[in-house]
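Below, chain A is the first sequence line, B the second, and so on; all start at residue 1. Side-chain atoms are counted along with the backbone in the values below, which use heavy atoms only and exclude waters and symmetry mates.
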Protein chains: 2
Amino acid sequence: MPNIKQVSQYAGVSTATVSRTLKNPEVVSPKTREKVLNAVKAVGYRPNWLAASVKSGRSNSIVVLVPNLVNPFFMRIVEGIEKTAQEYGYSVLLGDTQGNAELEHQYASMVLSNRADGLIQLDHSYPFSELDAELGADIAMVSVCERIKGDHGFPCIELDNHGACRALTHHLINYGHRSFGVIAGQIDSQIHRDRLAGIKSVLDEEGIIFTDQMLVGSSYSIENGIKGARELMELEQPPTAIVCFNDDIAIGAIHALKSMGKRVPEDVSVVGFDNIPVTPYMDPPLTTVDQPALEMGRRAMDMLHQMMSDKPLSRRRELLPFRLLERASSGPVPQ
Amino acid sequence: MPNIKQVSQYAGVSTATVSRTLKNPEVVSPKTREKVLNAVKAVGYRPNWLAASVKSGRSNSIVVLVPNLVNPFFMRIVEGIEKTAQEYGYSVLLGDTQGNAELEHQYASMVLSNRADGLIQLDHSYPFSELDAELGADIAMVSVCERIKGDHGFPCIELDNHGACRALTHHLINYGHRSFGVIAGQIDSQIHRDRLAGIKSVLDEEGIIFTDQMLVGSSYSIENGIKGARELMELEQPPTAIVCFNDDIAIGAIHALKSMGKRVPEDVSVVGFDNIPVTPYMDPPLTTVDQPALEMGRRAMDMLHQMMSDKPLSRRRELLPFRLLERASSGPVPQ
DNA sequence: CTGTTAGCGCATTCAT
DNA sequence: ATGAATGCGCTAACAG
């Protein structure tokens, strides 16, 4: 790889001039500018990004922690992050954590060692070990979709999960449902609490009792949906409506219900969450809550950029609006 | 951020000793080692990765070019890449290209500027502009899933697409089908040619004529599947079997067929490609070709690592085996 | 075993 | 407008 010195020699100027020509072309005379540019082309020079970064002390990279790459909803958020990062001149380092704390920690450490300038966390955990806790305290970090556990005060972008679940519940109640099951994803998370609270608040208002046995499941997977639906249907009083905390769970649940001979929505209504691309094409098309994933990613990156530029944040928390998509997997309660 | 000098002063040793303690602990005396380690902890020191990289001239990062993040099949490959990269001590820079040549070029240029040491391309295009062509010629690059266009001689990992399509076609012929439609994805690609050739080779052997009008579609999307299926069904002699070049297309096709009142597979058989996680749960479950995506990613990274370490490659091309998954979207030809 | 010195490639003073 | 010199933070060669 040719370096700046070779260019300077070829052009018969100093390295400083080469550097200037490339960064502030207007500050060098047109004549030398041309000489330098020609030299650059002639020797095939590309500025060494690493070297430039040591100087500036900034890597212009960020790390994104994703619990699961094979999840269209998460990746749509990442898409938004990356697009925006690109605009700001940042690169995205992918951290596939699989929800593994050790991995999260490893990736997060990149910020501590100047490998990245900031961090976006899609999961809810605080990805620094006790050892790094102090160091990590004043790092540029934003959480999107989930909210970082504990009282660290990191900003976050999230959906109005409480409101969305209220809307979902009202939707089902309007169809006459009085018996609700819930198949949850990650239990120990803010999302879980917000959503459950949203559902329960409406049920309370309507005087509907929600018993613990109506809450099943513990992961955002199709398999969990299958298992959860079976569990619910084996109850003495099975629910007529099932709220699933993501679309994969709903897909699994519907599959399980069908194979048990139940019709959706005639016998049981099922609703999901996220509005992943395949949901309109399921049989039946899935009633679900659309999350503005791309926009969430964009906002998260905007916010992170603010933090990395040491600009004050206008808000530390953004609650984005949901859209309830009423499709065919939910319907009137059976007689 | 504390630097190595501060640690050395705190510990009362030279910076070299600090550096050694951290990289080759066994080469310093236990006593100084302890002093240094204490100092490190005391000042909260983390080695600056950027600085270390300038020295070594290696970033220990790679770029992965992905045409579409919201595609479980692609992301499963990326998962394999990342896992393996991790093992080798590399980080993954995400390049969401959307098939955009300009973006591909930008991301690829990172290798030229020492921001990354190598590149894995999931799409088929050669991501260097003419200007960079010479520079790009001896870069560590591997293509996985697709094969890089042109005669650049970059190694690649791919599925036995030809064989897979032969198997798919035989499967359908065994069910008595004689009239085949194909809904294609990206037309201008090696995959497309290989797959089409695979299908045609079997049809030829069986004396079945395949006319151009039976080939429709031009992108790997659900919408393309819907459109393609409609086009095929509007023909005077619609096919009884439709081969889709990925699962999304198949999902769209089945949806369209159903809404036209056709039953799958009783009236029309549909098969897909990739075996994305949702396919077993579609209605009907999709007959498809499983690609060992994780393994493909792993092999790609293995190969790239070889190249980046200047080790000779055992092979320049790896053809991975497919698995035909016969599920319920394909069946006997209607009478 | 440890310290001194030099240098990775670049960008930014400070002179001129 | 340009060049010489300095330093970013770290590591490796060389001494001792």
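- A heavy-atom distance below 4.0 Å to DNA chain D is reached by these residues of residues 29-61 of chain A, ordered by number: S29(A), T32(A), K55(A).
- R115(B) and Y107(B) share no donor-acceptor pair across their side chains, judged by distance under 3.5 Å alone.
- For H124(B), the ring pair (Phe, Tyr, Trp, His ring centres under 6.0 Å) criterion is met by no residue, not counting sequence neighbours.
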So E26(B) and R33(B), salt bridge (Lys or Arg N to Asp or Glu O under 4.0 Å) or not? Walk me through it. CA-CA 9 Å; E26(B) 68 280 3; R33(B) 194 188 309 161; over 6 Å; no

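- The separation between Q6(B) atom CD and dC10(D) atom C1' is 14 Å, rounded to whole Å.
- Residues L313(B) and R316(B) form a side-chain contact, since some pair of their non-hydrogen atoms from C-beta on lies under 4.5 Å apart.
- Distance CG (L22(A)) to P (dA11(C)): 8 Å, rounded to an integer number of Å.
- For the pair T17(B) and dG3(C), the criterion of a side-chain N or O lying under 4.0 Å from OP1 or OP2 is met.
- Side chain to side chain, Q106(B) and Q86(A) meet the donor-acceptor criterion of an N or O pair below 3.5 Å.
- dG9(C) atom P lies 20 Å from atom CZ of R20(A), rounded to whole Å.
- Closest heavy-atom contact between A108(B) and L119(B): CB-CD2, 3.9 Å.
- When only modelled atom types and interatomic distance are considered, N100(A) and H105(A) share no side-chain donor-acceptor pair under 3.5 Å.
- Of the residues near DNA chain D, V27(A) and T15(A), the one whose nearest nucleotide (by heavy atom distance) lies more toward the 5' end is V27(A).
- Comparing V28(B) and I4(A) by the nucleotide of DNA chain C whose heavy atom lies nearest to each, the residue mapping closer to the 5' end is V28(B).
- Regarding M1(B), its CE atom lies at a distance of 15 Å from the C1' atom of dC8(D), rounded to whole Å.
- Residues T17(B) and S14(B) bring a donor and an acceptor atom of their side chains to less than 3.5 Å of each other.
- Fit an axis to the five pairs at each end of the helix from dC1(C)-dG16(D) to dT16(C)-dA1(D) and the two axes sit 40° apart, to the nearest 10 degrees.
- Of the candidate nucleotides dT2(C), dA12(D), dT13(C), dA12(D) has the atom lying nearest to any side-chain atom of A16(B).
- In this structure, the CD atom of Q9(A) is 13 Å from the P atom of dG9(C), given to the nearest Å.
- The aromatic rings of Y90(A) and H305(A) sit perpendicular, their planes meeting at an angle over 60°, well past the 30° parallel limit.
- Taking atom CG on N3(B) and atom P on dC8(D), their separation rounds to 8 Å, with Å as the unit.
- Rounded to a whole Å, the CZ atom of R115(B) is 15 Å from the P atom of dC10(C).
- As rounded to whole Å, 15 Å separates atom P of dG3(C) from atom NZ of K5(B).
- The residue V18(A) sits apart from the nucleic acid: no heavy atom pair falls under 4.0 Å.
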